[in-house]
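The structure presented is a predicted model; accordingly, all values stated were derived computationally and were not measured.
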Amino acid sequence: MIVICLLTLLALTALIIVRARSLFAAAMLAGIYSFLGAGWMLLLDAPDVAFTEASVGAGISTVLFLATLALTTREEKPRARRPWLPLAAVLVTGAALIYATFDMPRYGDPQDPIHQHVAPRYLEESEAEIGIPNVVTSVLASYRGYDTLGETTVIFTAGVAVLLLLRWPRRRREEDGS
């Protein structure tokens with residue numbers, strides 16, 4: 001029941017963000033959305049993902065939104081026309097994603113392929129193969145090492161890009177002599 005309540009709040013928050021004209025309200029609601037998402041992930045027994053969502057989604061992203069908002073106007077510009085094509089693309093993509101979930105195994109089903117082949121191998125052989133007694137550490141650091149390195153590279157690149165974007169208007173004003 002709590003999961004359904006959180007999903008309902010997530011959907012309502014997303015709708016309110018889309019309808020908000022105030023960019024400040026949208027930025028703050030995005031932080032609330034991230035906290036709700038972190039709570040939902042925590043209920044699904046994924047505390048590592050929940051912690052990442054809370055710190056990056058609600059913390060860093062909200063600060064970056066507010067810093068960007070300081071460089072722009074507080075209100076969204078009025079639209080000249082209705083965006084029907086993007087709405088149609090979102091609806092088709094959403095329908096395709098929902099359709100794809102029908103082929104997934106039930107959540108937590110012990111007969112899932114992941115529980116039959118991959119997980120037992122990691123649990124039984126990771127210490128002998130890697131030499132690390134902690135299975136989670138061996139999976140993240142060795143089996144998925146390139147994946148973890150790629151994720152770290154993406155986050156670092158995004159951070160550098162944001163810092164460059166936030167610094168760009170200052171350089172432009174300095175060059176203009178203002």
Side-chain angles (χ1 to χ4, degrees), residues 1-109 111-114 118 144 146-169 172:
M1 189 68 177
I2 295 173
V3 173
I4 293 172
C5 289
L6 274 177
L7 288 175
T8 304
L9 286 173
L10 277 167
L12 287 173
T13 306
L15 289 174
I16 293 170
I17 290 171
V18 169
R19 300 291 301 162
R21 302 290 296 166
S22 167
L23 297 177
F24 178 77
M28 297 312 293
L29 286 167
I32 292 170
Y33 184 88
S34 290
F35 272 128
L36 291 170
W40 175 56
M41 291 172 207
L42 191 61
L43 289 174
L44 293 177
D45 293 330
D48 55 336
V49 180
F51 180 74
T52 303
E53 178 64 28
S55 60
V56 174
I60 295 171
S61 295
T62 303
V63 169
L64 291 175
F65 283 155
L66 294 175
T68 305
L69 192 58
L71 301 173
T72 63
T73 61
R74 290 179 125 354
E75 294 293 321
E76 180 183 8
K77 293 180 182 175
R79 295 183 187 115
R81 57 183 174 79
R82 293 275 182 195
W84 296 112
L85 183 61
L87 178 63
V90 166
L91 290 175
V92 167
T93 304
L97 289 172
I98 290 171
Y99 177 73
T101 62
F102 294 139
D103 195 32
M104 293 176 57
R106 275 187 29 241
Y107 178 73
D109 186 5
Q111 299 305 316
D112 284 350
I114 186 77
V118 179
R144 290 187 55 217
Y146 287 120
D147 184 45
T148 304
L149 176 65
E151 291 168 356
T152 305
T153 304
V154 166
I155 290 171
F156 177 75
T157 305
V160 169
V162 167
L163 290 175
L164 289 173
L165 286 173
L166 290 176
R167 181 153 167 72
W168 182 67
R172 195 173 203 187

- Validation row: Phe51, Leu42 side chains within 4.5 angstrom (heavy atoms): no

For the [atom1] atom of [X] and the [atom2] atom of [Y], what is their distance to the nearest 0.5 Å?
| X | Y | atom1 | atom2 | result |
| --- | --- | --- | --- | --- |
| Leu10 | Cys5 | CG | SG | 11.5 Å |
| Leu36 | Glu53 | CG | CD | 10.0 Å |
| Leu7 | Leu12 | CG | CG | 11.0 Å |
| Leu6 | Thr13 | CG | OG1 | 10.0 Å |
| Arg19 | Leu29 | CZ | CG | 13.5 Å |
| Thr62 | Tyr33 | OG1 | OH | 13.5 Å |

Of all heavy-atom pairs between [X] and [Y], which one has the smallest distance, and what is that distance?
| X | Y | answer |
| --- | --- | --- |
| Ala38 | Ala50 | O-CB, 3.2 Å |
| Ser34 | Ala58 | CB-N, 3.4 Å |
| Pro105 | Asp112 | CB-OD1, 2.8 Å |

If you count heavy atoms of other groups shown closer than 6.0 angstrom to [atom1] of [X], is the number above 12?
| X | atom1 | answer |
| --- | --- | --- |
| Tyr107 | OH | yes |
| Ile4 | CD1 | no |
| Leu87 | CG | yes |

- Donor-acceptor pair, Thr93 side chain versus Val90 backbone, under 3.5 Å?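 Not at all, since once roles are kept as given, no pair shorter than 3.5 Å links the two residues.
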
